[in-house]
**Student:** 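Below is a structure I'd like to ask you about.
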There are 2 protein chains.
Amino acid sequence: MPLVKQMNVIGRPKLRTIVADRLKTFIVKHNLQSGDRLPTETELAKKFGVSRLSLREATKSFEFLGILESKPGRGLTVGSVNMERVTEYLGFHPALHGISLSELIDTRVLIETGVLAHVSQRMKQNDVLYDKLSTINESLRQARSLARWIELDSAFHRELICASGLSPLMAFTDVLAVFFKRFRESIQKAEWSQGIQSHQQIIEFLKAGRVVDAKKELRFHIESHSQRVKTPTQYRDRK
Amino acid sequence: MPLVKQMNVIGRPKLRTIVADRLKTFIVKHNLQSGDRLPTETELAKKFGVSRLSLREATKSFEFLGILESKPGRGLTVGSVNMERVTEYLGFHPALHGISLSELIDTRVLIETGVLAHVSQRMKQNDVLYDKLSTINESLRQARSLARWIELDSAFHRELICASGLSPLMAFTDVLAVFFKRFRESIQKAEWSQGIQSHQQIIEFLKAGRVVDAKKELRFHIESHSQRVKTPTQYRDRK
DNA sequence: TAATAAAGATTGTCTGATAATCTAATGAAC
DNA sequence: GTTCATTAGATTATCAGACAATCTTTATTA
């Protein structure tokens, strides 16, 4: 007969969870900044009373997010969060695939048109913003392959958000970009020029401070994408 | 004399990085959905040609994000992304503390006002939306503690986004909420009633289809937060 | 002094083992 | 036959120890 089962009953928290929490506390308590070094794995493991393996499960999760960095011979250092990494792996998750195209487009229209007032404002004080956007659009004209076109079109819209100076939105739009990539791929070559014209019109409007016109043009530009996509791409092709 | 140093020179990618990528591919290729089961750790390790340990470093990172779940005796299953978890651990990171309050407020104003047109539209077809918001606001009147007030205020604004039906924005505002929590805590009791009145006004405007007025009121409501906060909260209290 | 080589420290990865936990099969009682 | 408790099997959780790979620092040499 088996001994009395160790009563841990419902969810005993995993060790790595505890360690992750203590690591977080450690960083905050010591007020560590990017680049600062942490104790070695062995020391931390001893400090937390767990094996080096359990400690690593926590640090590796942090490293995945970019919170920590580790190199052989150097040790652990505080990193700088890598949003791209996060979004790349969150973006592919099935749960997020259920979002309809119209929802995605509405969201994008909301953010990009909302940003224009800020962009226009900042353009007045800084010519570089206009030049950057203009340069990308110029390259767009010379794009030969579809892949290159998609890359530059994404860059244009990304730069638009960036020009607003609202950094939180940058990270978010990177997530959205993952989904739009697949829609962009259904674009026809004949439609390139139309898109480029729209881009140009938008930045001219912005430079002139005509925000309302820019919004209208941008909304039309984004929404015209959707009309070309006949059927939403299916991802579930088998039972 | 040491042997010729194994020339790997620049960054040979870590095994866990490769494994993470192959795991991602595996999930996408097999079209796995939330709740679906994966092969066992041993099988996956064999499949990828690495040790079980290296495999675990990848799966644990995924588990941390909520992409995977693991239980002893059951195995690995596809999870549903836990944004709270992600934001909790990203939110404490020093690099993200650099975002200024004005940037946060501008971003919030942009999203919340942008959403109002959608909300108003949907309110016409569904009374429940108005009732939900109204109920939260009603509870807000009866809140006694600051903690309760913060909780309900957050809930109101969250419900507002939710009412737009744009689910991508939900996840994003949850991230922003982490940062706003600390600013809400500086609010004065005397200001409660003013906030509640604003809430009420906003939903009345929305119900009446007066989107422009609702936007104006909401913008004022959010921006008035910032004026109360005298100095941006400092996190670096020591060298 | 500067370049090179060696030594030390630290993470990367592997193997193997035991404990904890869940799932499913088994059997007993009604 | 049905329902419940028990058992057995499968799978992850955690540990320990070892060696390789890599970076940093020190020591050596020209």
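In what follows, chains are A, B, ... by sequence order, proteins preceding strands, each numbered from 1.
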**Student:** What does A:L15 touch in the nucleic acid at a heavy-atom separation under 4.0 angstrom: a base, only the sugar-phosphate, or nothing?
**Tutor:** sugar-phosphate
**Student:** Among B:L166, B:L169, B:L160, which residue meets the side chain to side chain contact (heavy atoms under 4.5 Å, CB included) test with B:I111?
**Tutor:** B:L169
**Student:** For the residue pair A:L23 and A:L38, establish whether any side-chain heavy-atom pair is separated by less than 4.5 Å.
**Tutor:** yes
**Student:** Take the protein atom CD of B:E69 and the nucleotide atom C1' of C:dC22, then report the distance between them rounded to whole Å.
**Tutor:** 14 Å
**Student:** So, applying side chain to side chain contact (heavy atoms under 4.5 Å, CB included) with A:E112, which one of A:I161, A:T107, A:V119 is it?
**Tutor:** A:I161
**Student:** Rounded to whole angstroms, how far apart are CG on A:L53 and C1' on C:dT11?
**Tutor:** 13 Å
**Student:** Below 3.5 Å between N/O atoms, which protein atoms pair up with nucleotides 10-12 of chain D? Just atom names and distances, please.
**Tutor:**
{"unit_1": "D:dT11", "atom_1": "O2", "unit_2": "B:G73", "atom_2": "N", "d": "2.9"}
{"unit_1": "D:dT12", "atom_1": "OP1", "unit_2": "B:E41", "atom_2": "N", "d": "3.1"}
{"unit_1": "D:dT12", "atom_1": "OP2", "unit_2": "B:E41", "atom_2": "N", "d": "3.1"}

**Student:** Tell me: CD of A:E57 to P of C:dT13, nearest whole Å?
**Tutor:** 14 Å
**Student:** Phosphate oxygens OP1/OP2 of C:dC14: is one of them under 4.0 Å from a side-chain N or O of B:S54?
**Tutor:** yes
**Student:** Between B:E43 and B:K46, does at least one N-O distance fall below 4.0 Å, as a salt bridge requires?
**Tutor:** no
**Student:** Once side chain to side chain donor-acceptor pair (under 3.5 Å) is applied, do any residues pair with B:S154, and if so which ones, sequence neighbours excluded?
**Tutor:** B:R184
**Student:** Could you tell me which residues satisfy ring pair (Phe, Tyr, Trp, His ring centres under 6.0 Å) with B:F156, sequence neighbours excluded, listed by chain and number?
**Tutor:** B:H199
